[in-house]
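One structure is given here, and the rest of the page talks about it.
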Amino acid sequence: MTPTQSDQKDVLYKPIIIIGAPRSGTTLMGDILSKHPDVLYLGEPRLTWRYGNDRKSDQFKPDDARPEVIRYIRDTFGRAVKDAGRSRLLEKTPSNSLRVGFIDRVMPDCKIIHMIRDGVPGTLAIHDLWTRHASGLRGLAEGRITQRLKEVQLRRLPYYGMEVLRRTMPKPLRGLVGTNIWGPRLPGMRGMLKELPLLEVCAMQWRACVEQACLYGRTMPEDRYCEFHLETFSMDGVRKLLEFCELSACDELTAYAESKFNRNIPNRRLDEADPADLEAVRRWIEPTMKWLESDNRDQAKTAGG
């Protein structure tokens, strides 16, 4: 191992990985923890995680973490943490919900925070963002285009060129290249989009992310995996979050978190949704919702609320 690789291994001490279905509070959690002076926050470095597995959906297996893949991901993140002069990596990518075993193989001492949101409003929020931001460049967060260009190498362009084309193609011509996929890529998703309404595909995204993350995460030690529920997350949850991450108390972080909590905001999407749409969503997610409610491990492993 070269000195550079050794240094990068050291700075990846107990990296903090935030997962969860899209629109489940992962951004809120990342923004809160990003206020801590010890961490470097990387928001959705999607292509870094996909290195060496570009042909696949986002549902990687532990065996997909081959030595060259592990080395690339760790070197990339380690270099970023070292260059920033921080001591801990904080990373948020919802697609990682589908591959927790893979993440565990790449970073065997990582701490995984799983954000869970009620499935009905969560699915409606996924659908809303997909319809507004899956096409065009307007939906990309500030700096995201530059980030993607830094992540992708020339030899990987064939895998993502069509994705760019689908996003940027003028609306009258989109039928020629197909629908751009937004969010975690499930196996067979293009076939789903041909046979199912988009809202139901979004429900399957929520369900797959929650189930896959829980099924593997709940086999991990309790000091490495925890669940927080968005609807019940509170300032007490922030304290538990810092304890879980092994981060010291931080006044700036606490003040920022306090500014974000307002439980009186009505759920506009839920209130305005078509009853038929709500019923369709519930048909897909009800088994998962019941499983979450009845599983005793949910209470044992839930740190917030």
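Hydrogens, waters and symmetry mates play no part in the numbers below; they use all other heavy atoms, side chains included.
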Backbone N or O of [Y] within a donor-acceptor pair of the [X] side chain at under 3.5 Å?
X      : Y      : result
Thr48  : Ile73  : no
Arg99  : Lys61  : no
Arg283 : Leu278 : no
Arg224 : Cys110 : yes
Arg207 : Glu286 : no
Lys111 : Pro15  : no
Arg185 : Gly183 : yes
Arg117 : Gly25  : no
Glu231 : Asp118 : yes
Arg282 : Val120 : no

Problem - Stepwise side-chain hydrogen bond (donor to acceptor under 3.5 Å, both in side chains) check, Glu44 with Thr93 - result: CA-CA 4 Å; Glu44 302 191 29; Thr93 301; over 6 Å; no
Handout entry: side-chain hydrogen bond (donor to acceptor under 3.5 Å, both in side chains) between Tyr216 and Asp104, intermediate numbers included
Key = CA-CA 10 Å; Tyr216 190 94; Asp104 191 25; 2.7 Å; yes
Practice task
Would you check if His36 and Ser248 make a side-chain contact, meaning some heavy-atom pair closer than 4.5 Å?
Solution key: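 Yes, side chains in contact.
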Practice task
Establish, for the pair Arg218 and Trp291, whether the NZ or CZ atom is under 6.0 angstrom from the six-membered ring centre and no further than 45 degrees off its axis.
Solution key: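 That pair qualifies as a cation-pi contact.
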Practice task
Kindly determine whether Asp31 and Thr27 satisfy side chain to side chain contact (heavy atoms under 4.5 Å, CB included), including the steps that lead there.
Solution key: CA-CA 6 Å; Asp31 288 345; Thr27 298; 3.6 Å; yes
Practice task
Starting from the C-alpha separation in whole Å, work towards a yes-or-no answer on side-chain hydrogen bond (donor to acceptor under 3.5 Å, both in side chains) for Ser24 and His114.
Solution key: CA-CA 9 Å; Ser24 292; His114 182 192; over 6 Å; no
Practice task
Give the intermediate values and the outcome of salt bridge (Lys or Arg N to Asp or Glu O under 4.0 Å) for residues Lys240 and Asp236.
Solution key: CA-CA 6 Å; Lys240 293 176 180 178; Asp236 184 58; 3.2 Å; yes
Handout entry: Member of Lys56, Arg50, Arg105, Arg55 meeting the salt bridge (charged side-chain N to carboxylate O under 4.0 Å, His left out) criterion with Asp64
Key =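 Exactly one pass, corresponding to Lys56.
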Practice task
Return yes when atom CG of Asp274 has more than 12 non-hydrogen atoms of other residues, nucleotides or ligands closer than 6.0 Å, and no otherwise.
Solution key: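 Yes, CG of Asp274 has more than 12 neighbouring heavy atoms, counting only those of other groups under 6.0 Å.
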Practice task
Mark yes when over 12 heavy atoms from residues, nucleotides or ligands other than Glu68 sit less than 6.0 Å from its CD; otherwise mark no.
Solution key: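 Yes, the 6.0 Å shell around CD holds more than 12 heavy atoms from other groups.
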Exercise for the section: Apply side chain to side chain contact (heavy atoms under 4.5 Å, CB included) to Leu247 and Leu33, showing your working. Expected result: CA-CA 9 Å; Leu247 291 172; Leu33 288 175; 4.1 Å; yes
Practice task
Look at the aromatic rings of Trp49 and Phe102 and report parallel, tilted or perpendicular, splitting at 30° and 60°.
Solution key: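 The arrangement is perpendicular - the two ring planes meet at more than 60°.
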Practice task
Please report the closest heavy-atom contact between Thr26 and Pro94, naming both atoms and the distance.
Solution key: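 Taking Thr26 first and Pro94 second, the nearest heavy atoms are OG1-CG, 4.1 Å.
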Exercise for the section: Kindly give the heavy-atom pair with the smallest separation between Leu42 and Ala80, and that separation in Å. Expected result: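 Minimum heavy-atom separation between Leu42 and Ala80: CD1-CB, 4.4 Å.
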